[in-house]
Every structure is written in C-alpha cells, then in structure tokens.
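Right, one structure below, let's go through it.
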Amino acid sequence: MPLVRISLRAGKPAAYRAAVGDAVHRAMVETMNVPAKDRFQVITEHDAAGLVYDPSYLDIARTDELVVVQITLNAGRTLEMKKALYARIAELLSTSPGVRPEDVLVSLVEVTKENWSFGNGIAQYA
C-alpha cells in the first residue's frame, strides 16, 4: 500500500496534475508489483517560497518545473526494483506531461506493515 505525496509548483492545470499522478502510479504498478487499484496520492502545489530546492545539487540542473515524489511503502523491495522505479517515473513523466528527467526527484520511505491502517481503526496488515 504505497502512499504517494507529489509536490510541484503552483499554477499547473488539473490535466497536468492528473498526468503526473497517473505516471507515478503506472511506474509503481509496472516496477514494484503494486496492485492497479492500490492508488492513494496527495498532490500539492506550492508557491516559490514553499518549494525550496538546490538548482544544481549533484551537478543536476533543476528548474522551477521540479516535481518531488515521496512514496511511503512497505519495506522489502530490491535495489533493482527501486532503480527501475526511479527510471520509469522519469521516463513516463517526460512523456506526459513533459517533465524533464532532471526535474524529477523521488524519495522512498520504507515502513513495516503494522504501520498502516486503511480504515476503521484497524491495522489490517498486522
């Protein structure tokens, strides 16, 4: 059960935000064995003061089109799966809605299964 948080610069149309969410979810389904219906996303827009980044950290030239993707998920995916996920997200975002790969930042937060409640106050995976 991934929980995806996507942050981007304010002012993007709804279709752009939807394309970003679709691309990230598709990449997780294709590379991380996430079920197609397991889609939980929070997409937030930020003004310039609310989305702070270094434009050249690690010699990667970033722009204000930066998309930050943070995925909280169950621990246990392999390094190869994670690398495939990063590459696929960048590839799909490049295709639609046209985000430069340099402007895609992905962070994974791994948790154990007992750290989820999907509703009703129950730890369904515990």
Assess whether side chain to side chain contact (heavy atoms under 4.5 Å, CB included) is satisfied between Leu3 and Trp116, documenting all intermediate values. CA-CA 10 Å; Leu3 172 60; Trp116 298 101; 4.0 Å; yes

State whether a side-chain donor-acceptor pair under 3.5 Å links Thr63 with Glu65.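 Their side chains do not contain a donor-acceptor pair, so the 3.5 Å distance test is not met.
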
List in chain and number order the residues that pass salt bridge (Lys or Arg N to Asp or Glu O under 4.0 Å) with [X], two or more places apart in sequence or in another chain; answer none if no residue qualifies.
X     : value
Arg17 : Glu45
Lys82 : Glu110
Arg39 : Asp22
Arg9  : Asp64

Electrostatic pair [X]-[Y], nearest N-O below 4.0 angstrom:
X      : Y     : result
Glu102 : Arg62 : no
Glu80  : Lys83 : no
Arg26  : Glu91 : no

Do [X] and [Y] sit in one hydrophobic cluster, given that two such residues count as connected whenever their side-chain heavy atoms are within less than 4.5 Å of each other, even indirectly?
X      : Y     : result
Met28  : Leu93 : yes
Val104 : Leu66 : no
Leu105 : Leu85 : no
Leu51  : Val67 : no
Val68  : Ile60 : no

Do [X] and [Y] come within less than 4.5 Å of each other through their side chains, counting heavy atoms only?
X      : Y      : answer
Ile71  : Val109 : no
Val24  : Ile6   : yes
Val111 : Thr72  : yes
Asp38  : Met1   : yes

Please identify each residue that fulfils side chain to side chain contact (heavy atoms under 4.5 Å, CB included) with Pro55, with sequence neighbours left out.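 Expected list: Tyr53.
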
Holding to side chain to side chain contact (heavy atoms under 4.5 Å, CB included), I want the full list of residues that pass it with Gln124, two or more places apart in sequence or in another chain. Ser117, Phe118, Ile122

Under the side chain to side chain contact (heavy atoms under 4.5 Å, CB included) criterion, do Arg88 and Leu92 qualify, and how do the steps go? CA-CA 6 Å; Arg88 190 66 173 140; Leu92 290 172; 3.5 Å; yes

Interatomic distance, Leu73 atom CG to Met32 atom CE [nearest 0.5 angstrom]: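 It comes to 5.0 Å.
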
Got a second to check how far Glu30's CD is from Ile89's CD1, nearest 0.5 Å? 11.0 Å

Polar side-chain atom of [X] near backbone of [Y] as donor-acceptor pair, under 3.5 Å:
X     : Y     : value
Gln41 : Gly21 : yes
Ser56 : Asp59 : no
His46 : Ser7  : no

Taking all heavy atoms of Val29 and all of Ala36, pick out the closest pair and write down the distance. CG2-CA, 4.0 Å

Please find the pair of heavy atoms, one from Ser96 and one from Ala23, that lie closest to each other, and give the distance. O-CB, 4.1 Å

Worked check of side chain to side chain contact (heavy atoms under 4.5 Å, CB included) between Leu108 and Tyr86: CA-CA 10 Å; Leu108 301 182; Tyr86 305 146; 3.5 Å; yes

Evaluate Val99 against Ser94 for side chain to side chain contact (heavy atoms under 4.5 Å, CB included), listing each step before the verdict. CA-CA 5 Å; Val99 179; Ser94 176; over 6 Å; no

